[in-house]
Amino acid sequence: MNSFAKYISEELDIRLAQVDATLELLDAGATIPFISRYRKEATGNLNEVQVAAISDLNEKLKDLQKRKDTIIHTISEQGKLTDDLQKRIIASWNATELEDIYLPYKPHRRTRASVAREQGLEPLAEIIMAQRESNPEKAALRFVKDSVTDVAEAIKGAQDIIAENINESEGSRKTIRQVFRRDATIASRVISKMKDEDGAQKYSDYFFFSEELRHCSSHRLLAIRRGESEGILRINITVDDDECMDRLKRHYVHGYGPCQSLVSEAVEDSYKRLLRPSIENEFATSSKELADDEAIKVFGENLRQLLLAPPLGQKRVMGVDPGIRTGCKVVALDAQGNLLYHGVVFAVGRQAEYRKANDPSPLHLFQEIVKRYHIEAIAVGNGTGSRETSDILRQISDVPTYVVSEDGASVYSASEVAREEFPNEDVTVRGAVSIGRRLMDPLAELVKIDPKSIGVGQYQHDVDQAKLRHSLDQTVELCVNSVGVNLNTASRALLTYVSGLGPSLARNIVEYRRENGAFTSRRQLLKVPRLGNSAFQQCAGFLRIPDGENPLDGSAVHPESYTIVQCMAKDCGCTVIDLMKSAEQRQKIDVQRYVSDTVGLPTLTDIMKELEKPGLDPRAQIETFEFDPRVKTPEDLVTGMELPGIITNITNFGAFVDIGVHQDGLVHISQLADHYVKNPNDVVKLHQHVRVKVIEVDRRRHRIALSMRF
């Protein structure tokens, strides 16, 4: 059994046997998508979220174990490691508690207390701390020698030792930590000279801000931390200092007398100079970590929704990247996303007006492209000029126009992936291609872009970057594998996220495909250089070959289960293809007959679903959308106006909505529904079409407040 299994089981409230089986699979190199999809019997039907939680906590505990090993080794080298101390360290799985245990033994830089110890003043500190000596000055005389010049210096050195001991006491730190946890207040103030600087006004809500730290939401905390990093705000975390010192004195000061007074002074010094700054810094760090985790969670959920946005499918698409000064970059793509044509159409702005007299109208030019390349749908980027360009394109009958987010298109167009795909085209053409392909298959196109550049998070540059990267990569991996990938059309970027592959094997697959033509069987994957049995087992079920030699290769049925399906078909007296096409044949199957030691009902149930709808795309159907023709700029907005909109971003304080005025409005969480909303994702989804009401337009701060309460 994995040494962390019991702790993980208790922490996540998942049965020990399930945790242990999952950890065993992870240690053997299995991926989260593979475990959650094809090893349900072993894990007791855990889903990908639970498997990911086990994996993440296991990695965290591994790091904590390394820290324990370092602590035990360091204390052992000092000759101070007792059996009881070692047991306490081994038993602790709390990082803060572990550091408290270690603190008295931790190698320090040179401190006032360490100097006093070198001067031989530790016995005097013990005498004063015992608080039984009626004349501490007399006791201190014995220590006036060498570098200790007088009684006052001896007593001061002893107090420094006492102060450091109090700071390093687990009890002291727990006491102050308890007060901080319950009563700490975070406050921000504007730095006077920065108040009128450019960009300062966006932090105006925090110029004179104060709130209990435990109630400060993640977005507010990250906002004021950003304001601090930009030199606009000054932040501090405070508690009632008198209460903290009184608590410490009640513990350390016993009765009244000269020694008690000296200990009381040492307590105050310890708190102000050592304890308070240390605990304040600890809470600043821990609150930031909690805020990071919340922001990363929101970002991950938004990314998941964006990646799983409804695809148009394999249609001939015209991609339009709107522009005013330089014109609209226009591309025509075939049903596989290959570039057929690119050009420029001046649809809006001065250039369009100038060309009107002599050139064909923009509508005519667009119509010519649509006709020439048999375009079935139009994708328009949502940047500058989008609204005006869309209005022109919607005049083309029988060809639907969709507005597509172009966040990150410029990042893609300058990337290595784009240069490989279109070495002879400039960045503007690549950007328009990306917009067109996003309509056809958002997932396949967006995996080529750094998730942080897609525009669905907040404060993504302020949170822990390693945590963010891990979360987003994991989100992309789960999305790609939940949908499945066409082995013969997938890009290297998309294949990279398939279970068991990665960049190297993805590149090898693309090169093999280029040299040998399309795959006709999943088994051919074993001919790809460096793709062995282990990688094949992990990836095969997620790679699809429509119309391949084996009909099951186009489904999510794993090759290891093909014999089960063949046995089912044989028992029904038909072929596998007949079984997939005929509901009548499938109804004859009693899945209980096929249960074995290695294959249980969860796998058999999944197989039956796949036989019914092989390779079914779990994503929804795409819908067209049009903005209200009355509004095109914020100046057109009137309080009380009801408008259609599209959810563009979701945060833990509300949702941003595009209403067609080139500036998103905010529906605060309190305005999302007529009932209490704890999490915005419970009531709205990314790219959802909604109806909103304008409740305020703040033109000075460029803010639009909206409501979904009618």
Does Tyr402 have any ring pair (Phe, Tyr, Trp, His ring centres under 6.0 Å) partners at least two apart in sequence or in another chain, and if so, which?
none
With a 4.0 Å cut-off on N to O distance, would you call Lys106 and Glu168 a salt bridge?
no
Kindly indicate, with the supporting measurements, whether the criterion salt bridge (Lys or Arg N to Asp or Glu O under 4.0 Å) is fulfilled by Lys632 and Asp636.
CA-CA 7 Å; Lys632 295 185 179 179; Asp636 297 327; over 6 Å; no
Ala200 backbone acceptor or donor facing Ser204 side chain under 3.5 Å:
no
Lys/Arg-Asp/Glu bridge criterion (N-O < 4.0 Å) met for Asp473, Arg469:
yes
Could you tell me whether Glu228 and Arg234 have a side-chain N and a carboxylate O separated by less than 4.0 Å?
no
Distance-only donor-acceptor hits, side chain of residues 677-685, under 3.5 Å, sequence neighbours excluded:
residue	atom	partner	partner atom	Å
Asn679	OD1	Asn681	N	3.0
Asn681	OD1	Gln305	NE2	2.6
Lys685	NZ	Asn681	O	2.6

Just checking, any donor-acceptor pair under 3.5 angstrom between side chains of Asp241 and Tyr271?
yes
Validate the cation-pi geometry between Lys60 and Trp93: distance from NZ or CZ to the six-membered ring centre under 6.0 Å, angle to the ring axis within 45°.
no
Going by an N to O cut-off under 4.0 Å, is there a salt bridge joining Asp628 and Arg691?
no
Check against side-chain contact (heavy atoms from CB on, under 4.5 Å), Val411 and Ile454
CA-CA 9 Å; Val411 175; Ile454 296 176; over 6 Å; no
Closest contact, heavy atoms only, Gln663 versus His702:
NE2-O, 2.7 Å
Answer yes or no: are there more than 12 heavy-atom neighbours, outside Tyr256 itself, under 6.0 Å from its atom OH?
no
We want to know whether Asp69 and Gln65 form a side-chain donor-acceptor pair, criterion being a heavy-atom distance below 3.5 angstrom.
yes
Pair Glu301-Lys297, salt bridge (Lys or Arg N to Asp or Glu O under 4.0 Å): steps then yes or no:
CA-CA 6 Å; Glu301 175 57 24; Lys297 181 181 177 182; over 6 Å; no
Correct closest heavy-atom pair for Tyr102 and Pro107 would be OH-CD, 3.4 Å
Can Arg173 and Glu99 be counted as an ion pair, charged N to O under 4.0 angstrom?
no
Centroid-to-centroid, Phe627 to Phe625, below 6.0 Å?
yes
Can you tell whether the side chains of Asp100 and Arg177 come within less than 4.0 Å, N to carboxylate O?
yes
Donor on one side chain, acceptor on other, Ser270 and Asn167, under 3.5 Å
no
Between Arg214 and Asp183, does any side-chain N to carboxylate O distance fall below 4.0 Å?
no
Looking at Lys467 and Glu289, is there a salt bridge between them, counting it only when a charged N and a carboxylate O are closer than 4.0 Å?
no
Check this for me, if you would: do Asp698 and Arg703 make a salt bridge, where the nitrogen-to-carboxylate-oxygen distance has to be below 4.0 angstrom?
no
For the residue pair Glu164 and Thr111, confirm or rule out a side-chain donor-acceptor distance under 3.5 Å.
yes
